[in-house]
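Okay, so here's the structure we're looking at.
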Amino acid sequence: MNKKALNWTIAGTLFIILFGAFLHFAFELSGEFTPLALIAAVNESTWEHLKLAFWPAVIFSLLELKFLSKAVNNFALAKAVSFYVMPIAIIVMFYGYTLVMEDSFIADILIFMISVVIGQIVNYKLLTAKKFPESWRRYTLIALVAIVLMFSLFTYFAPRFFLFQDPISGGYGIIQ
């Protein structure tokens with residue numbers, strides 16, 4: 001067990017959950033400051049809720065880059081995979097449970113927390129696994145760039161797809 005990686009993983013889990021919870025309300029509290037829409041939820045769509053796990057994970061990863069990356073294996077790969085795992089887990093659990101029961105605020109919060117924990121477990125497992133071949137770096141970089149671009153653009157230019165639709169207003173992205 002890599003104790004340093006474990007400690008950073010636990011700290012990251014707490015940071016993502018707490019900062020993600022704050023980001024749920026940050027856009028509204030800021031007076032709808034448009035640049036903040038990049039990382040904060042701007043409506044109640046599923047997509048906007050995915051940002052609440054993604055951006056805190058990215059921000060925490062920048063800290064880890066400085067203090068942890070040299071002590072572990074597969075840093076970029078671990079981050080890329082965890083950045084994809086958390087939103088996928090949220091989507092699967094949210095739409096899975098809403099198929100059989102009514103949407104529940106408590107269930108939504110638990111799903112967010114469980115998804116972060118799953119993403120962080122995957123992150124830890126990859127950080128402490130044997131070093132992956134260097135050839136994987138290219139694919140990791142492509143995966144990282146793709147997900148950052150998606151999360152950077154889709155609030156401002158939301159596709160007309162159910163994940164992006166606010167169930168309250170029926171709008172997409174930043175709703176005026």
Side-chain angles (χ1 to χ4, degrees), residues 1-24 26-27 36-42 45-97 107-155 158-159 161 163-164:
M1 175 182 2
N2 184 325
K3 191 160 178 99
K4 187 173 185 178
L6 181 61
N7 289 337
W8 277 93
T9 300
I10 293 167
T13 302
L14 296 173
F15 178 85
I16 295 165
I17 290 169
L18 294 174
F19 192 50
F22 168 73
L23 288 177
H24 189 277
F27 183 69
L36 187 58
L38 175 70
I39 63 169
V42 301
S45 70
T46 303
W47 179 259
E48 293 298 311
H49 286 83
L50 302 180
K51 291 173 16 181
L52 305 181
F54 176 75
W55 286 114
V58 169
I59 292 165
F60 194 79
S61 294
L62 294 174
L63 284 171
E64 289 178 303
L65 182 63
K66 180 171 175 55
F67 297 106
L68 180 66
S69 65
K70 302 290 186 220
V72 295
N73 295 323
N74 315 307
F75 184 80
L77 177 65
K79 297 305 163 188
V81 172
S82 70
F83 293 166
Y84 280 89
V85 165
M86 288 184 286
I88 291 169
I90 290 169
I91 291 168
V92 168
M93 285 189 273
F94 174 74
Y95 287 105
Y97 99 83
D108 294 346
I109 292 170
L110 288 173
I111 285 170
F112 173 71
M113 294 170 65
I114 292 166
S115 297
V116 170
V117 169
I118 291 168
Q120 288 295 94
I121 289 170
V122 168
N123 173 66
Y124 175 78
K125 292 292 189 182
L126 289 170
L127 289 175
T128 58
K130 290 182 186 176
K131 194 167 186 131
F132 281 75
E134 287 296 314
S135 61
W136 285 46
R137 290 187 111 169
R138 178 180 327 135
Y139 306 111
T140 300
L141 181 60
I142 292 168
L144 284 169
V145 168
I147 198 164
V148 167
L149 283 174
M150 286 187 297
F151 276 104
S152 296
L153 296 174
F154 288 164
T155 291
F161 186 68
L163 285 177
F164 301 90

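We use all heavy atoms of the structure for the numbers below, so side chains are in, but hydrogens, waters and symmetry mates are not.
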Minimum heavy-atom separation for [X] and [Y], please, with both atom names.
X	Y	answer
Phe27	Ala41	CB-O, 3.3 Å
Gly119	Val85	CA-CG1, 3.9 Å
Ala53	Met86	O-CE, 4.1 Å
Val116	Thr13	CG1-O, 3.9 Å
Ala40	Ala26	CB-CB, 4.1 Å
Leu126	Asn74	O-ND2, 2.9 Å

Roughly how far, to the nearest 0.5 Å, is [atom2] of [Y] from [atom1] of [X]?
X	Y	atom1	atom2	answer
Leu6	Gln120	CG	CD	11.0 Å
Leu38	Leu23	CG	CG	10.5 Å
Leu144	Tyr84	CG	OH	7.5 Å
Ser69	Leu63	OG	CG	11.5 Å
Lys131	Leu77	NZ	CG	11.0 Å
Met113	Leu14	CE	CG	9.0 Å

Side chains of [X] and [Y] in contact at under 4.5 Å (non-hydrogen atoms):
X	Y	value
Leu163	Ser45	no
Phe54	Val148	yes
Ile39	Lys51	no
Tyr97	Asp108	yes
Leu50	Phe94	no
Phe132	Asn73	no

key: Working for side chain to side chain contact (heavy atoms under 4.5 Å, CB included), residues His49 and Ile111   = CA-CA 11 Å; His49 286 83; Ile111 285 170; over 6 Å; no
request  = Could you please spell out the steps behind the side chain to side chain contact (heavy atoms under 4.5 Å, CB included) verdict for Lys4 and Asn7?
outcome  = CA-CA 5 Å; Lys4 187 173 185 178; Asn7 289 337; 5.8 Å; no
Parallel, tilted or perpendicular: rings of Phe164 and Phe154 (30°, 60°) =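 Aromatic pair Phe154/Phe164 classed perpendicular.
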Greater than 12 external heavy atoms within 6.0 Å of Tyr139's OH =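 12 or below, so no.
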key: More than 12 heavy atoms from other groups under 6.0 Å of CE on Met93   =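 Yes - once you tally the heavy atoms of other residues, nucleotides and ligands closer than 6.0 Å, there are more than 12.
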inquiry  = Donor-acceptor check, side chain of Asn2 to backbone of Thr128, threshold 3.5 angstrom: yes or no?
reply    =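 Absent.
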request  = I would like to know whether Trp8 and Phe60 meet side chain to side chain contact (heavy atoms under 4.5 Å, CB included); could you show each step before the answer?
outcome  = CA-CA 9 Å; Trp8 277 93; Phe60 194 79; 3.4 Å; yes
message = One pair to check against ring pair (Phe, Tyr, Trp, His ring centres under 6.0 Å): Phe151 and Trp47. What are the steps and the verdict?
response = CA-CA 9 Å; Phe151 276 104; Trp47 179 259; 4.4 Å; yes
